Enquirer: 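Handing you this structure, nothing more for now.
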Amino acid sequence: MKQVEAVVANVNDLNDGEMRQVSVGETEILLTRLEGKFYAVGAHCTHYRVSLAQGVLSGHYVVCPWHNAYFDVTTGDQLEPPGLDSLACYGVRIEGENVIVSVPEETTGLRSPAMAQFNPDADGRTFVILGAGAAGAHAAEALRVAGYQGRIVMITQDDRLPYDRTKLTKDYFIGKTSSEEMPLRSPDFYKEHAIEVLLNKQVKQVQTTAKAITFTDSASSSDAGASGDSLTYDALLVATGGKPRQLDIPGADLQNILTLRSFDDTDRILTLSKQKGQAVVIGSSFIGMETAAGLSQHGLKVTVISPDSVPFKKTLGEEIGKLFQQVHEENGVSFKLGRKAVQFEGSDKVEAVILDNGDRLKADIVIVGIGVQPATDFLEGIDLHPKDGSVVVDEYLRAADGIYAAGDIARYPDWRTSESLRVEHWRVAAQQGRIAAHNMAGKAVKFRGLPLFWTMQFKFPLRYIGHAKSWDEIIVDGDLQKQEFIAFYVKENKVLAVATSNKNTETAAICELMGLNQMPTVEELRSGIVDLIQRQPQVNNKQ
């Protein structure tokens with residue numbers, strides 16, 4: 001392919017450990033200098049295409065400033081999700097004091113990672129992935145990246161290929177993303193890498209001792225490869241996610257009372273929202289609040305009902321929770337806090353919601369967002385957690401011999417606190433799917449990921465790193481009302497979690513420092529003089 005080249009810098013323009021975005025023609029490039037050598041890769045994260053130059057460089061790795069994907073700047077390889085692709089890597093040469101970069105005439109700045117070819121003669125095993133969400137999608141590809149050459153079967157009860165679920169209540173909900181942009185990969189991609197995706201398959205039972213999966217109705221599948229009512233496996237990843245919890249109150253079977261979990265759920269809600277009218281959202285979780293924001297932007301009058309006194313109080317604290325409430329109220333959303341729904345009224349469709357204090361709220365549509373239950377009732381031969389039915393795994397995400405779990409259903413040991421955690425975050429699911437796949441392929445990789453989630457409600461963005469069930473204090477750096485802040489959640493003199501708004505580069509630095517267990521001390525944070533961006537990790541131990 002024809003190459004285009006240009007002088008992009010002087011050798012003295014960058015010191016070791018510095019990076020800069022430059023251009024060769026119309027191609028934007030991330031140029032980095034490490035140990036006297038220059039490297040050039042694609043300039044934008046393969047997830048949402050944000051400029052990586054706004055992130056932080058730690059050793060050989062750049063951390064994306066938005067959702068903290070990691071890339072090796074010497075090779076372009078992606079090392080941490082949420083994106084799937086790696087960065088394109090370009091040629092660099094030095095002539096005199098000029099740094100010259102060469103790029104193909106046509107380049108997207110990204111590339112699919114190197115993957116092993118399917119070869120059943122070399123490896124006759126069958127690895128099955130139950131679920132095609134973040135964990136399942138990342139696991140399927142990571143198996144090939146890890147060198148596995150056997151059969152891969154990804155099974156989903158959905159009728160479509162893996163898609164970006166995080167957009168359902170964000171960009172897709174408000175019309176910024178089309179349905180055509182939602183799939184993570186094309187059918188041709190899965191075909192090229194011999195990843196069988198069986199759609200419309202409902203699992204009836206997994207017999208772990210026999211290593212067999214039975215289905216409820218195999219005839220319903222549109223996939224030719226799904227013939228037969230059972231499937232045996234050599235290794236299994238369970239990544240079935242959660243089922244939305246329902247309200248067990250009178251009238252719950254009326255029409256237009258919906259949950260929001262799947263693509264179809266979102267489309268049904270969007271269809272109903274065209275009629276405008278009154279919407280009631282039950283629950284002030286992130287799903288509930290994002291849905292409330294989306295419905296309001298579609299012109300509906302929205303009321304949020306929650307037993308909590310402040311949205312997100314248990315997760316983010318009262319001050320930030322009140323800030324979210326304020327932003328919603330400024331955009332027309334009403335709240336009934338400290339209240340519960342006890343009854344739905346209507347003849348055929350829901351017409352009203354009755355609260356525990358007797359209030360009656362008119363409703364043309366109701367969204368129930370009160371959390372999810374791990375979808376694990378089909379598993380036989382594995383002890384499930386008595387509290388919620390989650391699958392208990394070890395630090396390798398292994399539940400039993402040949403069986404792994406990832407995502408919303410996995411209860412795993414937190415490497416920082418040894419606490420048993422189950423976290424319902426998209427990026428955690430992607431991380432765990434990737435790690436589980438490497439372990440299925442014969443490697444021994446411990447899960448040392450950090451919980452991270454993000455939300456955008458109206459124009460208020462928030463990112464959260466770590467996990468804190470409770471805290472002794474919250475140290476706030478910045479201005480809450482301006483929505484430019486970093487909030488450190490401290491327990492027993494240690495930072496367990498951090499929430500940020502409009503502090504993208506600092507968020508990337510925090511992600512790396514926390515992952516290396518090198519966060520500033522509480523005393524330093526209280527002093528308010530810590531420069532998180534300039535604070536360099538002492539050791540980068542990412543594998």
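For reference, positions follow the sequence shown, starting with 1. Since the model is a prediction, treat every value here as computed from it, not as a measurement.
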Enquirer: Charged N to carboxylate O under 4.0 angstrom, E80 versus R434?
Expert: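 Answer for the salt bridge query: no.
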
Enquirer: Can any side-chain N or O of E18 pair as donor or acceptor with the backbone N or O of N15 at less than 3.5 Å?
Expert: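 Yes, because the side chain of E18 sits within donor-acceptor range (under 3.5 Å) of the backbone of N15.
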
Enquirer: Salt-bridged, E484 to K503, with N to O below 4.0 Å?
Expert: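 So E484 does not pair with K503 through a salt bridge.
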
Enquirer: May I ask you to decide if E524's main-chain N or O and T521's side chain share a donor-acceptor pair within less than 3.5 Å?
Expert: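 A pair under 3.5 Å: yes.
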
Enquirer: Examine distances only and state if a side-chain atom of Q21 and a backbone atom of I29 form a donor-acceptor pair shorter than 3.5 Å.
Expert: no

Enquirer: Using modelled atom types and a 3.5 Å cut-off, is there a donor and acceptor pairing between side-chain atoms of R526 and backbone atoms of I475?
Expert: no

Enquirer: Between D267 and D264 (side chain of the first, backbone of the second, donor and acceptor by atom type, cut-off under 3.5 Å), is there such a pair?
Expert: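 Checked: no pair found.
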
Enquirer: Start with the C-alpha distance between E290 and T455, add both sets of side-chain angles, then the distance that settles side chain to side chain donor-acceptor pair (under 3.5 Å), and finish with yes or no.
Expert: CA-CA 8 Å; E290 288 181 356; T455 187; 2.5 Å; yes

Enquirer: Salt-bridged, R398 to D394, with N to O below 4.0 Å?
Expert: yes

Enquirer: With a 4.0 Å cut-off on N to O distance, would you call D408 and R422 a salt bridge?
Expert: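 No, this pair does not count.
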
Enquirer: Which side-chain N or O atoms in residues 297-313 pair as donor and acceptor under 3.5 Å with protein atoms at least two apart or in another chain?
Expert:
residue: Q297; atom: NE2; partner: A293; partner atom: O; Å: 3.1
residue: H298; atom: NE2; partner: F173; partner atom: O; Å: 2.6
residue: S306; atom: OG; partner: S284; partner atom: OG; Å: 2.9
residue: S306; atom: OG; partner: D308; partner atom: N; Å: 3.1

Enquirer: Would you find a donor on one side and an acceptor on the other, under 3.5 Å apart, between the side chain of D171 and the backbone of K176?
Expert: no

Enquirer: Under 6.0 Å from the six-membered ring centre of F263 and within 45° of its axis: does the NZ or CZ of R160 meet both?
Expert: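 Yes, a cation-pi geometry holds between R160 and F263.
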
Enquirer: Enumerate, atom names and distances included, each donor-acceptor pair closer than 3.5 Å involving a side-chain atom of residues 485-492, sequence neighbours excluded.
Expert:
residue: Y489; atom: OH; partner: L316; partner atom: O; Å: 2.6
residue: K491; atom: NZ; partner: S470; partner atom: OG; Å: 3.2

Enquirer: Counting distance only, does the side-chain N/O of D265 pair as donor-acceptor with the main-chain N or O of R261 below 3.5 Å?
Expert: yes

Enquirer: Just by distance, no angles: are the side chains of D77 and Y61 close enough, under 3.5 Å, to form a donor-acceptor pair?
Expert: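 No.
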
Enquirer: Ignoring hydrogens and geometry beyond distance, is a side-chain donor-acceptor pair present between T291 and T169 at under 3.5 Å?
Expert: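 Judged by distance alone, the side chains do not pair up.
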
Enquirer: So, S390 side chain and A410 main chain: donor-acceptor pair closer than 3.5 Å or not?
Expert: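 A pair under 3.5 Å: no.
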
Enquirer: Taking the side chain from R411 and the backbone from G389, do they hold a donor-acceptor pair closer than 3.5 Å?
Expert: no

Enquirer: Could you tell me whether the side chains of Y70 and E512 share a donor-acceptor contact shorter than 3.5 Å?
Expert: yes

Enquirer: For the residue pair N504 / R463, report whether a side-chain donor-acceptor contact shorter than 3.5 Å exists.
Expert: yes

Enquirer: Is it the case that the side chain of T240 and the backbone of A375 share a donor-acceptor pair, with hydrogens and angles ignored and the cut-off at 3.5 Å?
Expert: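 Yes; judged by distance alone, with no hydrogens or angles, the pair exists.
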
Enquirer: Determine, for W415 and R448, whether the Lys NZ or Arg CZ falls below 6.0 Å from the six-membered ring centre while staying within 45 degrees of the axis.
Expert: yes

Enquirer: Could I get the full list of ring pair (Phe, Tyr, Trp, His ring centres under 6.0 Å) partners for Y412, not counting sequence neighbours?
Expert: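 Residues passing ring pair (Phe, Tyr, Trp, His ring centres under 6.0 Å) with Y412: F447.
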
